[in-house]
Q: 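Below you'll find the structure I mean.
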Number of protein chains: 2
Amino acid sequence: MTIHDVARHAGVGSMTVSRVIRGAGNVSAGMREKVEASVRVLNYQVNVAARATRSRSSAARVGILYSNPSASYLSEIMVGGLEQSSRLASHLMLERCEGLAGQKQAVKRLLAAGVDGVILPPPLCDSRQTINMLRAEGVTVLALATARPMIDVSSVRIDDFEGALAMTRHLIALGHRDIAFIKGDPQHTPTELRYEGFLAGMSEAGLTVRPDWVAQGLFTYRSGLAAAEKLFEARLRPSAIFASNDDMAAAALAVAHGRQIAVPRDLTICGFDDTAVATTVWPEVTTIHQPIAEMGRAAVRLIVDEIRARKTGGDPAPVHHLLPFTLMERDSSGPAPP
Amino acid sequence: MTIHDVARHAGVGSMTVSRVIRGAGNVSAGMREKVEASVRVLNYQVNVAARATRSRSSAARVGILYSNPSASYLSEIMVGGLEQSSRLASHLMLERCEGLAGQKQAVKRLLAAGVDGVILPPPLCDSRQTINMLRAEGVTVLALATARPMIDVSSVRIDDFEGALAMTRHLIALGHRDIAFIKGDPQHTPTELRYEGFLAGMSEAGLTVRPDWVAQGLFTYRSGLAAAEKLFEARLRPSAIFASNDDMAAAALAVAHGRQIAVPRDLTICGFDDTAVATTVWPEVTTIHQPIAEMGRAAVRLIVDEIRARKTGGDPAPVHHLLPFTLMERDSSGPAPP
DNA sequence: CTGAAAGCGCTTACAG
DNA sequence: CTGAAAGCGCTTACAG
């Protein structure tokens, strides 16, 4: 089943079929319809390999460079990324690195494989050093799920501030007024924004934030254990704990369980990110869902566009794409006790 | 940089270069060396797209059909699978499904995309129904990380019995004699094998298994909570708990934490699989690591071989590939208390 | 707006 | 064992 079979079936030239399937312009409506009908009838599918040989510019090679911490995102990124990549006839590569030395090696491997662009999930998305290393080799870079996009680097993300604000409003709507917060690692970009979103939500409801109800965490489970213990040692016990990621929310859940505090009857706990652990623990954690698959799709689309523009001599401006998040209401949250 | 550049550099014909890079026979040692040297000097890389156009048989399309529970494996599978896939110039697709209806739709989408073969991670790898559905459409199937391979379906896996045996021996070597076990979901294939491996390890050391130290779980965190609570209510407390997966080990850890039992000082806890949760919780869980990336690589290689054999009119026998596991000693295990 | 020709980089026959 | 020719299925110029 080739382009020529479709052309014969539709009674047009092969070039017209090529134009239609590529979505190129310069095709009359009548021709387009005939071709599209034939494509449907014959169940034609482009041969991406053949396409790639001829149109060098289409065969963009895109790498995803990740380090351990973001592994939980990875499969979801791949779901969207692979789909988009096969649609664009681009090639997707996965490369893992750890530490700075490992990073340099990984960049070398990617270059040897001929990458044109690299997508960086967290936390590498916020490493100026990594970005510069890649750019020095002429590689196009895109930051995925970063909280603070750099003005000169294309990004795909959700709004962390708005996410935290939405969660805080949700808790307040459930009747909670005594809300504690577990902050994330000060080194990571989402930390500040999520905390500010929380403060904004409290403030707009006229609620105060007690200093002993704010605990410092590091986004790890272990830090969540310590933070939760600290919160429970406060003079008054909050009716809800908003942890700024799911790992720490899961830890808070474990601590509550150990203290025989029933969740959500006596205490509401919620997180952020909707990673695997949120649905692993029990009760499952109410959290802010990042549309990671969608973000992977968008990332591949944007970076391939940018690569193509660059190959044809252009100097495309960075694109910043903001996607909507979703508040996932699960069993770890409930109305405030009377 | 093409095959012709290499040929010119080496002073041979392009066909000779093609033979060398493909690893085909019929090349004299002298020629081979000259070509290999030039490849190295010029840093030549095959253009997989071009290769794929000519050798039709290479352009195998492989789908990975997964359902939610195995999502934690997915990124690791992709790491190995993508690498192998790009080496073989095959195409990898990802498709998710939930429930039986979703499964039928997913199979339809995969067929529409023209898959030749489908890799099934757990738990779909053990669904005769799914396998038959795919086979009815002429699709080659491979079961990944199944515990009980079906005689007529190719598989890539580790030995669950040996894994559980190794962990049990490890605990015994640490001085533990009072070892409790949390079983998995009776519906899943690894459950029985892991339990048998545990029994074999205990038996060969002349240790008895107390009935009240064996708890039934379902592989979920929640079931692990209940199972651990039950174990702690036994008349005597074990010095080690071997949970048959990491989710349940994490739950046991949470229960121990709640009861102020120090891990690993007063209690050793270990799991199986080495999924993300094993390194999320604290202390990190000692567990049996499945080499998932390697398994992804092997799965793609085997299924592409099988697809090619079938395309050329052959009727290849199913292949069963067993990979070695690794015991990951982390902080949740330690010597038995005196 | 449409199509016949040339060529992408490789491999499959075919001939020596 | 070695290589010149033809062709994979598509797209990029080029001509109408």
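Chain A is the first sequence line, chain B the second, and so forth, proteins listed ahead of strands; every chain is numbered from 1. Computed over heavy atoms, backbone and side chain alike; hydrogens, waters and symmetry mates excluded.
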Q: Grab the CG-C1' distance between B/Leu42 and C/dG9 for me, whole Å please.
A: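 Computing the B/Leu42:CG to C/dG9:C1' distance gives 16 Å.
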
Q: Is a side-chain N or O of A/Ser154 found less than 3.5 angstrom from the main chain of A/Val319, in a donor-acceptor match?
A: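 A pair under 3.5 Å: yes.
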
Q: Report the nucleotide, chosen from D/dT2, C/dC1, D/dT12, that has the shortest atom-to-atom distance to any side-chain atom of B/Thr16.
A: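 Side chain of B/Thr16 sits closest to D/dT2.
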
Q: In this structure, how many angstroms lie between the P atom of C/dG3 and the CE atom of A/Met31, rounded?
A: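 It works out to 5 Å between those atoms.
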
Q: OP1 or OP2 of C/dT2 less than 4.0 angstrom from a side-chain nitrogen or oxygen of A/Ser28, does that happen here?
A: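 Affirmative; the distance criterion is met.
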
Q: Rounded to whole Å, please give me the gap between CZ in B/Arg8 and P in D/dG3.
A: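 Those two atoms, CZ and P, are 14 Å apart.
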
Q: May I have the distance from A/Arg32 (atom CZ) to C/dC1 (atom C1'), rounded to whole angstrom?
A: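 For the pair A/Arg32 CZ and C/dC1 C1', the rounded distance is 11 Å.
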
Q: In whole angstrom, give the distance that lies between atom CZ of B/Arg19 and atom C1' of D/dT2.
A: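 About 6 Å, once rounded to whole Å.
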
Q: Got a second to check how far A/Thr140's OG1 is from A/Arg310's CZ, nearest 0.5 Å?
A: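 The CZ atom of A/Arg310 is 4.0 Å from OG1 of A/Thr140, to the nearest 0.5 Å.
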
Q: Pick from A/Leu142, A/Asp116, A/Val304: which one makes a side chain to side chain contact (heavy atoms under 4.5 Å, CB included) with A/Val62?
A: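 Single pass found, and it is A/Val304.
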
Q: Counting only side-chain nitrogens and oxygens, does A/Tyr44 get under 4.0 Å of the OP1 or OP2 atom of D/dC10?
A: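 Checking A/Tyr44 against D/dC10: at least one side-chain N or O falls below 4.0 Å of OP1 or OP2.
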
Q: So which nucleotide from D/dC1, D/dG9, D/dG3 ends up closest to the side chain of B/Val12?
A: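 Looking only at side-chain atoms, B/Val12 lies closest to D/dG3.
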
Q: Can you measure A/Met15 atom CE to C/dA6 atom P for me and round it to whole angstrom units?
A: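 So the CE-P distance, A/Met15 to C/dA6, works out to 15 Å.
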
Q: Just how far, in rounded Å, is C1' of C/dA13 from CZ of B/Arg22?
A: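 Rounding to the nearest Å, CZ of B/Arg22 and C1' of C/dA13 are 11 Å apart.
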
Q: Paired with C/dA13: which nucleotide, if any, by Watson-Crick or G-U wobble criteria at under 3.5 Å for both distances?
A: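 Partner of C/dA13: none found under 3.5 Å.
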
Q: Among B/Gln290, B/Arg157, B/Met295, which residue meets the side chain to side chain contact (heavy atoms under 4.5 Å, CB included) test with B/Leu323?
A: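 It is B/Met295, the one option of B/Gln290, B/Arg157, B/Met295 that forms the side chain to side chain contact (heavy atoms under 4.5 Å, CB included) with B/Leu323.
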
Q: Do side-chain atoms of A/Asp5 reach the backbone of A/Thr2 as a donor and acceptor pair under 3.5 angstrom?
A: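 Yes; at least one donor-acceptor contact below 3.5 Å.
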
Q: When you get a sec, tell me which of C/dT2, C/dC10, D/dG9 is the closest nucleotide to the side chain of B/Ile3?
A: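 Between C/dT2, C/dC10, D/dG9, the one nearest the side chain of B/Ile3 would be C/dC10.
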
Q: To the nearest Å, give me how far apart CD (A/Glu33) and C1' (C/dC1) are.
A: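 Rounded to the whole Å, the gap is 16 Å.
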
Q: Out of C/dG9, D/dG9, D/dT2, which has the shortest distance to the side chain of B/Val27?
A: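 Between C/dG9, D/dG9, D/dT2, the one nearest the side chain of B/Val27 would be D/dT2.
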
Q: Please tell me which of the listed nucleotides, C/dG3, D/dC10, C/dC10, lies nearest to the side chain of A/His4?
A: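 Comparing C/dG3, D/dC10, C/dC10 against the side chain of A/His4, the answer is D/dC10.
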
